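Note sheet for the following structure.
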Amino acid sequence: LAKTTQPISMDSYEGQEVNITCSHNNIATNDYITWYQQFPSQGPRFIIQGYKTKVTNEVASLFIPADRKSSTLSLPRVSLSDTAVYYCLVDSGTYKYIFGTGTRLKVLA
Amino acid sequence: GAVVSQHPSWVICKSGTSVKIECRSLDFQATTMFWYRQFPKQSLMLMATSNEGSKATYEQGVEKDKFLINHASLTLSTLTVTSAHPEDSSFYICSARGSGRPQETQYFGPGTRLLVL
């Protein structure tokens with residue numbers, strides 16, 4: 001199973017860009033990288049998914065280098081409502097997710 | 001995006017009773033559903049994987065006789081916590097996946113808070 005490693009916590013200020021990097025050294029050829037956001041007492045919410053290079057949607061960008069051993073979630077101009085836990089997940093090939101610690105992002109005013 | 005619902009959103013029960021939690025995919029057919037448990041300030045822990053019409057596959061350390069999972073249709077999976085005890089109190093979350101493609105995203109339900117007295 002591909003294991004992911006992320007920083008446990010990060011602080012940022014409103015209006016700043018936040019980059020959260022995840023390492024997944026054992027990623028397999030067919031694996032995709034998916035990021036989720038979770039607020040307290042809620043289920044995780046899909047943010048973005050990618051396979052290689054760069055993916056952008058209306059809320060975030062995902063940067064994946066050529067070796068795919070890491071990925072970076074970029075949140076532009078964060079607000080207080082972006083305070084949450086962010087999980088990087090790699091499909092293990094058996095289509096099940098093994099959650100790591102996630103990154104607890106705190107956005108300060 | 002795809003929507004997954006859970007019912008109930010919270011439940012309080014007495015020790016020794018059984019509790020059933022439903023997970024439904026509202027606008028897509030879920031070939032695979034997953035059940036997770038999350039304790040306060042901790043990450044999600046996968047309990048089991050269920051495919052429609054077949055027996056669930058449980059993760060190591062999860063008692064299959066205590067956590068009964070049924071995936072009788074492509075839109076419904078149920079988790080029954082049998083003979084619940086206070087240590088079973090937790091936040092239970094399901095997710096659903098539409099197909100076997102590697103890039104198919106899992107969509108999560110809102111979770112069910114279980115408190116066993």
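By convention in this document, chain letters (A, B, ...) are assigned in the order of the sequence lines, proteins followed by strands, and residues within each chain are numbered from 1. Being a predicted model, the structure only gives us computed values, none of them experimental.
- Ring centers of A/Y36 and B/F108: under 6.0 Å apart, within the cut-off.
- In the hydrophobic clustering of ILVMFWY residues, with side-chain heavy atoms under 4.5 Å counting as a link, B/I69 and B/L74 come out apart.
- The greatest number of non-hydrogen atom pairs below 4.5 Å with chain A, out of B/Q106, B/R113, B/K41, is found for B/Q106.
- More than 12 non-hydrogen atoms from other residues, nucleotides or ligands lie less than 6.0 angstrom from NZ of B/K66.
- Closest non-hydrogen pair, A/Q49 versus B/T105, comes out as NE2-OG1, 3.7 Å.
- For the set A/P40, A/S41, A/G102, the count of heavy-atom pairs under 4.5 angstrom toward chain B peaks at A/S41.
- Residues A/V85 and B/S43 form no side-chain contact, since every pair of their non-hydrogen atoms from C-beta on lies 4.5 Å or further apart.
- Heavy atoms of A/R45 lying under 4.5 Å from chain B are absent altogether.
- Contacts between B/Q6 and chain A at a heavy-atom distance below 4.5 Å are absent for every atom of the residue.
- Taking a 6.0 Å sphere around CG of B/L115, one finds it holds more than 12 heavy atoms contributed by other residues, nucleotides or ligands.
- Annotation for A/Y87 and B/Q38: closest pair OH-NE2, 3.7 Å, computed over non-hydrogen atoms.
- One hydrophobic cluster, built from ILVMFWY side chains closer than 4.5 Å, holds both A/I27 and A/L62.
- Taken together through direct or relayed side-chain contacts under 4.5 Å among Ile, Leu, Val, Met, Phe, Trp and Tyr, A/F63 and A/Y86 form parts of separate hydrophobic clusters.
- Side chains of B/L44 and A/Y97 form no contact here, defined as non-hydrogen atoms less than 4.5 Å apart.
- B/F34 and B/F39 are assigned to two separate hydrophobic clusters, defined by single-linkage of ILVMFWY side chains at heavy-atom distances under 4.5 Å.
- Within 6.0 Å of OH on A/Y13 lie no more than 12 heavy atoms contributed by other residues, nucleotides or ligands.
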